[in-house]
Amino acid sequence: MADEKELRYDPATIEPKWQKRWAADPKLYAAEPATSGKPKYYVLEMLPYPSGQLHMGHVRNYSIGDALARHMWMRGYNVLHPMGWDAFGLPAENAALKNHTPPREWTLSNIAGMKRQFERLGMGFDWATEVTTCLPDYYRWNQWFFLRMYERGLAYRKKSKVNWCPECATVLANEQVIDGCCWRHEGTMVEQRDLVQWFFRITAYAQELLDGLDKLDGWPEKVRTMQRNWIGRSEGTEVDFFLEEINQGSGIREQGTGNRDQGSEKTRIRVFTTRVDTIFGATSVQLAPQHALVAAFTAADSKLKAQVDELIEQQKKAREAGDLGAIEKHGVATGRFAVNPYNGEHVPIWVANYILADYGTGAIMSVPGHDERDFEFAAKYGLPIVEVIRPAGQDSPAELPFVSEDGVLVNSGEYSGLSCEAAQKKLQEVAALGAFGEPKVTFRLKDWGVSRQRYWGTPIPMIHCERDGIVPVPDEQLPVLLPEQIEITQQGGSPLARVPEFVNVTCPQCGGPAKRETDTMDTFVDSSWYFYRYTDAKNSKAPFDPAIAQYWFPIDQYIGGVEHAILHLIYSRFWTRVMRDLGLVKNDEPVFRQFSQGMVIKDGAKMSKSKGNVVSPDDMVARFGADSARMYSLFAAPPDRDIDWQEDGVAGVSRFLGRVWRLVTKHAAAARNGRGQSTAAPTGLSLKLLRKLHQTTAKITLDFEGRWHFNTCVAAIMELVNDLQAADAQLTAGEVPATAMWELLRTLVLLLAPFAPYLAAELWEELGEEGAILRAPWPESDPGLAREDEIEIPVQINGKLITLVRVAAGADPKAIEAAALADEKVQSRSAGKTVVKVIVVPGRTVNLVVK
RNA sequence: GCGAAAGUGGCGGAAUUGGCAGACGCACCAGACUUAGGAUCUGGCGGAGCAAUCCAUGGGGGUUCGAGUCCCCCCUUUCGCACCA
């Protein structure tokens, strides 16, 4: 025997040894070209932000993906398993302020450190296709896409109310505002500011993005629901109420905003409703406090103005508290009236704090009889409540508000008697004929605001010329490079605006003096298409070669945190459609199957710096080894659930790997003697162990095919090892032939390979195998061998378990019944009673119904 | 308020099709061994009971020969949405 030290499983020796060997073999994890003849498999995990440290959430995410990638390699697939860095973003600027390290330097050094962590963890990434989004060879294509989108009217500039985070000193997209606060600064209220911004016209694809969700059945329903909610389609009707001209000459006509369409803007109020069938029940019209018409009303009425200002203030407060839904309804009557275009009825015009200016037309018709909110409001202010819909087939009114669409119209003039659905259609037709309304689809989804007043992002490739206006940077001048030596501050707009060498350019059209756009792009632009770049990462002529992308896309399996369910995943789906319309790709969707893994929890809370419950991967690797840390993150719970990080659990996995190591090293010599030979008709202990082996193989193989309960895969391997260990004395005594030993140990190592790649590589070599275990075929389970020949069947009397009987595996119901009835316990329990019925489920159970 | 997921030993979890509840691991208890280690090995480990046996999957009903699993009502937790007209 070798000296004592070698008798211990020592990941600190094994893992660096293999890490070095793998690093020396760049082809190991490299994807092959389309001509490989193998089926392709693109497995992708979301790329990390290079903060400087991997955290346990990363370890978990990448352990899942790496296990899958390794399994697919062993199944003979051509696997693309790339990695990159979401490398632009504000933390680099904050670090620059704090440490006086330039963002680029800080970012690249973080990347180097995290790459070392990845390699130490033994992640099988093809670094040859690494993508780093902050480097010009990547972000130039952001600019190129921006220009293509500008040409197609998909990128445009407008002045609008935007979300401004005072902490970030930049604007945020709607998607980045959570409960009224910045997504990066939980306690920081987002302010509303008026700014000119660049937008991507994602709304042009709203319907398609919604429809596409139906086909994404490889996505979690939860994610699809979140996206549906976010897109927020609602189908309805826009209808004009006419403004009743009271107090003639008092000024409606003379006042107002001026440059809008005179007629429609001032004499009509356009409302959006999904229930035009209830319009005969409208007893008021409600305007958002910011509605243009309100300004016209208040201009001549300072008392009204004060009241409206109060409504605006209430709305603002509620919005900032992130609880717009809980706002206490307040309203104020304007004293004006509007005319219902269908029946000529005059209804009062109110201004209310629960009406949103930026949804629909910013005005509604209030139908208290058939809408909860309108009912509440009308009850509070004593407005009339009218029944216009009655449940189908009923003679008496339902209790109001009755909001169902399953009903017929009453009190609705010539439309009475129509079903809700028929009435909606009819009323829309009438509105169209009378030119006072039309069917309308409204989306909650807004265009994607991409301008950021920050330095560390992709410069927007536009030039402002005094003569020619906005001029795109010509393609041949790309990339517009970020200047390197600049002073980072967080005040007074974009840092780039203070770099004259950057700002001052000549206009590409007239050659005169001009200024560059100084805003940079939202970093979600980077992550919207990075996975295409992986397929052709070195291309300097195009973002990627469409033919190569077509081979790899769509991504077969994407794995990441559920926190990206809307932002990143909806932008990516949008971007893919834009690229499709540019002719770059043929797929509509980037991702075929999407998986959202659970969070890593410690002491009841998500691991985070602020909670002080962070466990460092480096620490875990140093103490237990990468294999143990990875395997624990798979063993603790199924991948879609949150896992509870328990250090004793990691130690337990580490002990288990130690048992595997000892078992295999101890019997490796015996196994090598049976190398390459198949076991002929095993019997006794060999049969028992091989049966367990083949059952384990079948179970793990099945799980990789979809269920992904890797926790039970690890448990199954543990059971197998427990069985082998229990037979250790017999194995040592040579009771199991070498051929069987060979199959047992070799297959065990193969099964372990996706979960504990270092140990598997070490033991693979220990068994005398050459070449990477990744290239070895995944073991196949022999169903004949896996099948038990004798099974235990539970016997119940009246549904209660009495005993177990042993029968042959294929025993027919008669034989099972006979065995059950012959059992001693069964006989004593049923003595003196009548067996009324016997239920036999072959292979499962026997139940005697006894009286 | 609406929607989804979940609730099983001291803990993480298992039970894939309605068929032995608690696999596997942690913690704990007892023992063995010792080169005294973050070791290893053996056994035990839901509750009550000497035992036979009984009770037990958030609570209450139901369907069924049989329910952790299906149906109804309720409670709790997490997540998403929330005056979106």
Side-chain angles (χ1 to χ4, degrees), chain A residues 4 7-9 220-223 225-230 232-234 236 271-275 278 286 288 318 323-329 352-356 358-367 371-374 376-377 442-444 562-563 565-566 598-599 601 623-624 632 635-638 640-656 658-659 662 699 702-703 706-707 709 711-722 725-726 728 792-804 836-841 843-850:
Chain A
E4 302 133 29
L7 289 173
R8 287 185 62 99
Y9 165 55
E221 197 50 54
K222 179 186 163 86
V223 173
T225 303
M226 284 167 76
Q227 292 209 357
R228 278 194 196 100
N229 287 341
W230 188 261
R233 181 185 199 271
S234 67
V271 304
F272 174 68
T273 176
T274 55
R275 292 297 304 277
T278 65
Q286 304 281 344
D323 210 4
L324 201 58
I327 194 170
E328 202 195 325
K329 288 183 183 57
N353 63 358
Y354 71 98
I355 307 301
L356 307 173
D358 59 357
Y359 185 79
T361 59
I364 64 153
M365 63 178 197
S366 178
V367 185
D371 183 282
E372 300 273 4
R373 298 154 299 180
D374 296 346
E376 188 193 330
F377 190 87
T442 300
F443 291 95
R444 205 185 79 124
V562 75
E563 65 271 23
I566 27 191
M599 291 185 298
I601 305 285
R623 290 161 63 198
F624 302 106
Y632 175 74
F635 179 58
D640 56 337
R641 274 216 241 170
D642 290 350
I643 62 169
D644 196 42
W645 194 267
Q646 296 186 355
E647 208 160 290
D648 287 335
V650 190
V653 169
S654 176
R655 282 200 292 273
F656 164 69
R659 286 205 297 280
R662 280 193 300 278
K699 189 254 176 302
L702 185 66
D703 252 305
R707 200 176 72 133
H709 279 203
N711 55 329
T712 63
C713 292
V714 174
I717 298 174
M718 287 173 169
E719 283 186 51
L720 172 64
V721 170
N722 288 348
Q725 199 175 306
D728 188 65
E792 283 194 317
I793 294 213
V795 182
Q796 301 172 352
I797 292 182
N798 294 337
K800 293 210 168 187
L801 179 71
I802 301 304
T803 188
L804 302 173
V836 183
K837 196 175 171 188
V838 180
I839 293 127
V840 180
V841 185
R844 289 286 191 184
T845 189
V846 181
N847 192 9
L848 310 174
V849 186
V850 161

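We name chains A, B, ... by the order of the sequence lines, and we start the count at 1 in each one.
A:D642 comes within 4.0 angstrom of sugar-phosphate atoms only, judged by non-hydrogen atoms across all strands, and of no base. Counting non-hydrogen atoms under 4.0 angstrom, A:T225 reaches nothing in the nucleic acid. Base contact: A:I355 has a heavy atom under 4.0 Å from a base atom. Backbone-only contact: A:K800 has heavy atoms under 4.0 Å from sugar-phosphate atoms and none from a base. Residue contacts for A:G652: at a heavy-atom cut-off of 4.0 Å it reaches the sugar-phosphate backbone alone, with no base atom in range. Looking at heavy-atom distances under 4.0 Å, A:A651 makes no contact with the nucleic acid at all. Contact annotation for A:Q796: base contact, defined as any heavy-atom pair under 4.0 Å involving a base atom. The residue A:N847 sits close to a base: some heavy atom pair falls under 4.0 Å. A:Q725 comes within 4.0 angstrom of sugar-phosphate atoms only, judged by non-hydrogen atoms across all strands, and of no base. Within 4.0 Å of A:R623, counting heavy atoms only, lies at least one base atom of the nucleic acid.
Residue A:A715 has its side chain nearest to B:A23 when only B:A23, B:A14, B:A85 are considered. Proximity note for A:K222 (side chain, C-beta onward) versus B:G12, B:C79, B:G13: the nearest is B:C79. Nearest nucleotide to the A:E647 side chain, out of B:U42, B:G38, B:G12: B:G38. Among the nucleotides B:G19, B:C20, B:A85, the one closest to any side-chain atom of A:I364 is B:A85. Proximity note for A:R8 (side chain, C-beta onward) versus B:A14, B:U40, B:G37: the nearest is B:G37. Nearest nucleotide to the side chain of A:D648, out of B:A14, B:A27, B:A85: B:A27.
In this structure, A:T845 contributes its side chain and A:V841 its backbone to no donor-acceptor pair below 3.5 Å. The main-chain N or O of A:A636 is never found under 3.5 Å from a side-chain atom of A:N711 such that the two would form a donor-acceptor pair. A:N847 places a side-chain N or O within donor-acceptor distance of the main-chain N or O of A:G799, the cut-off being under 3.5 Å.
Within the structure, every side-chain polar atom (N or O) of A:R707 is placed at least 4.0 Å from both OP1 and OP2 of B:A14. In terms of phosphate contacts, A:T712 brings no side-chain nitrogen or oxygen within less than 4.0 Å of OP1 or OP2 of B:U16. For the pair A:R655 and B:C26, the criterion of a side-chain N or O lying under 4.0 Å from OP1 or OP2 is met. At least one side-chain nitrogen or oxygen of A:N722 sits closer than 4.0 Å to the OP1 or OP2 atom of B:G25. Remark: A:N229 is not in phosphate contact with B:G3, judged by side-chain N or O atoms under 4.0 Å from OP1 or OP2. The shortest distance between the side-chain N/O atoms of A:R641 and the OP1/OP2 oxygens of B:U77 is not below 4.0 Å.
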*Could you go through the ring-ring contact (aromatic ring centres under 6.0 Å, His included) check for A:Y632 and A:F624 one step at a time?*
CA-CA 10 Å; A:Y632 175 74; A:F624 302 106; 9.5 Å; no
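Nucleotide B:A30 forms a Watson-Crick or G-U wobble pair with B:U42, both donor-acceptor distances falling under 3.5 Å. B:U63 is unpaired under the criterion used here, namely a Watson-Crick or G-U wobble arrangement in which both key atom distances are under 3.5 Å. Base pairing of B:A36: no nucleotide in any strand meets the Watson-Crick or G-U wobble criterion (both distances under 3.5 Å). Base pairing annotation: B:G49 forms no Watson-Crick or G-U wobble pair, as no partner gives both donor-acceptor distances under 3.5 Å. Searching all strands for a Watson-Crick or G-U wobble partner of B:C24 with both distances below 3.5 Å returns B:G12. Base pairing of B:C79: its partner is B:G3, meeting the Watson-Crick or G-U wobble criterion (both donor-acceptor distances under 3.5 Å).
Looking only at side-chain heavy atoms (C-beta outward), A:R233 and A:R444 stay at 4.5 Å or farther from each other.
Nucleotides B:C55 and B:G18 place their P atoms 25 Å apart, quoted to the nearest Å. For the P atoms, the distance linking B:A4 with B:A23 amounts to 33 Å, nearest Å. Nucleotides B:U57 and B:C70 have their P atoms positioned 15 Å apart, rounded to a whole Å. B:G10 sits 14 Å from B:G22 when the C1' atoms are compared, rounded to a whole Å. B:C2 sits 35 Å from B:G66 when the P atoms are compared, rounded to a whole Å.
In this structure, B:G9 is classed as syn because its glycosidic torsion stays within 90° of zero.
Of the two residues contacting RNA chain B, namely A:E328 and A:D644, the nearest-nucleotide position lying further toward the 5' end is that of A:D644. Annotation: of the two residues near RNA chain B, A:S234 and A:I839, the 5′-most nearest-nucleotide partner is A:I839.
For an aromatic pair to be called close, the ring centres must be under 6.0 Å apart, and A:F377 with A:Y354 satisfies this.
Ring planes of A:F272 and A:Y359: perpendicular class, angle over 60° (limits at 30 and 60°).
Using modelled atom types and a 3.5 Å distance limit, the side chains of A:D648 and A:Q646 yield no donor-acceptor pair.
Atoms CD (A:E792) and P (B:A21) sit 13 Å apart, rounded to a whole Å.
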